[in-house]
There are 2 protein chains.
Amino acid sequence: MSRNVTVADIAREAGVSMMTVSRVINHKGEVSAATRQRVQKVIDRLNYRPSGIARSLATNHSGTIGLMIPDVSNPFFAAVARGAEHVAGAEGYNIFLCNTEEDPQRELAVLHSLEEKRVDGVVVFSRLETRQLVGLLKQQPASVLINRQTSKNNNDHAIGTVRLDDVLGGQLVTRHLLDRGHRRIGFLAGPPTSHSGQARAKGYLQTMTAAGFPPDPLWVHNCAPTVEGGLASARDLLRLQPTLTALFCFNDLVAVGALQACVELGRAVPHDLAIAGYDDIPLAALVTPPLTTCRTPRYELGAQAVQLLLNRIRGCNEPCEEVVLQPELIIRASAP
Amino acid sequence: MSRNVTVADIAREAGVSMMTVSRVINHKGEVSAATRQRVQKVIDRLNYRPSGIARSLATNHSGTIGLMIPDVSNPFFAAVARGAEHVAGAEGYNIFLCNTEEDPQRELAVLHSLEEKRVDGVVVFSRLETRQLVGLLKQQPASVLINRQTSKNNNDHAIGTVRLDDVLGGQLVTRHLLDRGHRRIGFLAGPPTSHSGQARAKGYLQTMTAAGFPPDPLWVHNCAPTVEGGLASARDLLRLQPTLTALFCFNDLVAVGALQACVELGRAVPHDLAIAGYDDIPLAALVTPPLTTCRTPRYELGAQAVQLLLNRIRGCNEPCEEVVLQPELIIRASAP
DNA sequence: CTGTTAGCGCGTTCAT
DNA sequence: ATGAACGCGCTAACAG
């Protein structure tokens, strides 16, 4: 492969200075239409591509964004990534995709590598402890946290946040079940460490209590956020608490596991037990019976995160430091 | 944010030349243990991060790879992306994620932007016509095509390929159905433009014919590669060809649609009709009945693609220009 | 409207 | 084992 064409080549070939070529490329400053055309012609003829690397070095601005998530092959994060990429692409930015696999060590390594790549900012879904995370993000020129509440005292570092209103989601689902006459509602809460799970639990507890039916703590079990986790945990809970009439599950996968448990135990859904999931992943509508669930705007989560980040990068530090996205109740046959 | 720390700062602070600092960072050349430690101490104290940008400009080597796919939120490509990112990360490379949304214009724009970013290579899943695609990839320092056969006459441009053996997959599924006594096997072929669909059709036709049961062309219908597409197309096919005893579907989503059609038509699966899907997406094991399908090593597809690309980038142009990955038959209740 | 000068932060020569 | 000078390709800040 021959040496790359540079501004110098274009300038020489077109009989102008490098500066003029630069102006043509960047549509900046005034250039006479005549020279502009002449230069553009040479650029096209030589198939010239300006070096983003050199430009970045000169402008101190790379046109790249880092996206750190646990795992793209998780449908939730895949949608986030798609939203993020779409907005970034439309605004002329490229996205570095970084999976952490839930590993704190990888989180550190990723953030580190992103620093070296001199990204203009990062969008991050992290499991790190807040204190440490804030310290790391302070090293980045700009950052937005996904689905995680920043403590107010940290907003001096101007970390943006985009999150789902999981408390509301928990309320919506619980209220729906209450409205349909359920009083003994179990809760498969997901991993104890999940911020989302805690918020949904809060919505569940609040709503039950406000309605005058405070739930028995024994109706709440933690579980892995997977089909297997849901199956195992539902099996236990339904045996220990056979009088429950409804089950609110941490997410749709857990709900699918609960469905399987019901098959095992010979309990008809929704007749013997109503089941609600969370997220509305595509699978939710395809299982038997289709799941009542709470749709989370995942694509929007990524899209808005990048939008907020770009605002910050561009200096418009609007009042809007925290974006909260609303979930939507989706009623299907598993809890009609 | 204060000005970034540079080699110069470290050098001054440590009382050595920039060159020595550089040697310490890159573990190159001989540096006395004493000075190495002294320099390292300053680096740590100032929390110095070498600028990848400047380094790239100097070395003509960016440590980045472009990944162009239609859509990360498609589980197939999400798995590919994960495999790609994993290998890249392990080798110290970062990945630019680029979605094309099946839009040729976006493909051009993406490849263009990747050129400007001076990626060291690209991994590409493209819908572009071969001639044009090869022309574009020739501009990149290295490239690997996913799931697409390069015509032999183009291998002078050294475009690598990693693909699934879809013909074999078609054979495996068809043979399984034949083995279970099915003779009248329908085929929902997916979109007519799909390379994969054509290959699977080939496997199906070959196997049926070789077994002495050449299929009636009327048993083959095209369809959109979605649940809705499968539902509509299965509905039609099963009405027109009520004597079919088995259905081989383009992918698992289509197969789920076919399952729904069977519910509508009152045909029990697998008793009245056996159904096989393709891909083994997570959903496949969760529907009722669970789907017999053909597992495609999607993660491996991305992982091997990046591995091959890195080999090329590093100059080891091994004989292995084309990697073919084998699918695996997964037998479940929909076609036991 | 156009050109000149001077770096951006690093690695690669060559010296020492 | 260490250092000085130069260049990677481009743009910001000034001229003219």
Side-chain angles (χ1 to χ4, degrees), chain A residues 1-40 42-43 46-64 92 113 115-120 141, chain B residues 1-40 42-43 46-64 92 113 115-120 141:
Chain A
M1 189 157 311
S2 57
R3 196 182 56 79
N4 265 318
V5 183
T6 75
V7 262
D9 301 324
I10 306 295
R12 185 172 4 84
E13 204 73 14
V16 296
S17 75
M18 286 171 36
M19 214 34 236
T20 301
V21 176
S22 175
R23 288 189 179 103
V24 170
I25 295 168
N26 299 301
H27 306 88
K28 257 184 169 182
E30 309 293 304
V31 182
S32 79
T35 46
R36 171 178 300 282
Q37 287 211 351
R38 185 152 41 93
V39 171
Q40 189 59 52
V42 178
I43 289 179
L46 270 50
N47 197 12
Y48 167 65
R49 297 272 181 271
S51 161
I53 302 280
R55 176 179 293 162
S56 299
L57 188 58
T59 60
N60 194 30
H61 170 343
S62 65
T64 62
S113 81
E115 275 186 63
E116 297 206 343
K117 286 291 189 292
R118 294 295 192 266
V119 293
D120 293 333
Chain B
M1 185 157 316
S2 57
R3 197 181 55 81
N4 264 319
V5 183
T6 75
V7 262
D9 300 324
I10 306 295
R12 186 172 2 86
E13 205 73 14
V16 297
S17 75
M18 289 171 33
M19 212 31 242
T20 302
V21 177
S22 176
R23 288 191 180 100
V24 171
I25 295 168
N26 300 301
H27 306 89
K28 259 184 168 180
E30 308 295 304
V31 183
S32 78
T35 47
R36 170 179 301 282
Q37 288 212 349
R38 186 155 39 92
V39 171
Q40 189 60 52
V42 179
I43 289 179
L46 270 49
N47 198 11
Y48 166 65
R49 296 271 181 270
S51 161
I53 302 280
R55 177 180 290 163
S56 298
L57 188 59
T59 60
N60 195 29
H61 172 344
S62 65
T64 62
S113 80
E115 276 186 63
E116 297 205 345
K117 284 292 190 292
R118 293 295 192 266
V119 294
D120 293 333

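We name chains A, B, ... by the order of the sequence lines, and we start the count at 1 in each one. Bear in mind that the values here come from a model prediction, so they are computed numbers and not experimental data.
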Review point. Hey, which of B:Thr59, B:Asn60, B:Thr64 is the one that makes side chain to side chain donor-acceptor pair (under 3.5 Å) with B:Ser62?
Key: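 It is B:Thr64, the one option of B:Thr59, B:Asn60, B:Thr64 that forms the side chain to side chain donor-acceptor pair (under 3.5 Å) with B:Ser62.
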
Check your understanding: So, is A:Thr20 close to the C:dC1 phosphate, meaning a side-chain N or O under 4.0 Å from OP1 or OP2?
Key ->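 Checking A:Thr20 against C:dC1: no side-chain N or O falls below 4.0 Å of OP1 or OP2.
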
Rounded to whole Å, how long is the line connecting atom [atom1] of [X] with atom [atom2] of [N]?
X        : N      : atom1 : atom2 : result
A:Arg12  : C:dG3  : CZ    : C1'   : 17 Å
A:Ile53  : D:dC8  : CD1   : P     : 15 Å
A:Ile10  : D:dT11 : CD1   : C1'   : 16 Å
A:Glu115 : C:dG9  : CD    : P     : 15 Å

**Study point:** Pairing residues for A:Thr20 by the side-chain hydrogen bond (donor to acceptor under 3.5 Å, both in side chains) criterion, not counting sequence neighbours
**Key:**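 With sequence neighbours excluded, A:Thr20 shows a side-chain hydrogen bond (donor to acceptor under 3.5 Å, both in side chains) to A:Ser17, given in chain and number order.
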
Point to revise | By side-chain hydrogen bond (donor to acceptor under 3.5 Å, both in side chains) - contacts of A:Ser32 (at least two apart) | key: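 For A:Ser32 the side-chain hydrogen bond (donor to acceptor under 3.5 Å, both in side chains) partners, ignoring immediate neighbours, are A:Thr35.
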
Check your understanding: Taking side chain as C-beta onward, heavy atoms only, is B:Val21 less than 4.5 Å from B:Val24?
Key ->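 In short, these two side chains do not touch, never coming nearer than 4.5 Å.
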
Point to revise | Base versus backbone protein contacts along nucleotides 10-16 of chain C [heavy-atom cut-off under 4.0 Å; B, S, -] | key: BSB----

Point to revise | With B:Arg49 via side-chain contact (heavy atoms from CB on, under 4.5 Å) - residues at least two apart | key: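 Residues passing side-chain contact (heavy atoms from CB on, under 4.5 Å) with B:Arg49: A:His112, A:Glu115, A:Glu116, A:Arg118, B:Asn47.
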
Practice item. Name the residue closer to the 5' end of DNA chain D, choosing between B:Asn60 and B:Thr35 according to the nucleotide with the nearest heavy atom. Key: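 Of the two residues, B:Thr35 wins.
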
Review point. Which residues pass the salt bridge (Lys or Arg N to Asp or Glu O under 4.0 Å) test with B:Arg55, sequence neighbours left out?
Key: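 Testing B:Arg55 for salt bridge (Lys or Arg N to Asp or Glu O under 4.0 Å), a comparison that skips the adjacent residues, returns none.
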
Review point. Is there a donor-acceptor pair closer than 3.5 Å between any side-chain N or O of A:Ser56 and the backbone N or O of A:Gly52?
Key: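 Yes; at least one donor-acceptor contact below 3.5 Å.
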
**Study point:** Exercise: identify the closest heavy-atom pair between B:Ile25 and B:Pro50
**Key:**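 Taking every non-hydrogen atom into account, CG2-CG, 4.1 Å.
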
Check your understanding: Which angle, rounded to 10°, do you find between the first-five-pair axis and the last-five-pair axis of the helix from C:dC1-D:dG16 to C:dT16-D:dA1?
Key ->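 The end-segment axes of the helix from C:dC1-D:dG16 to C:dT16-D:dA1 are tilted 30° relative to each other.
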
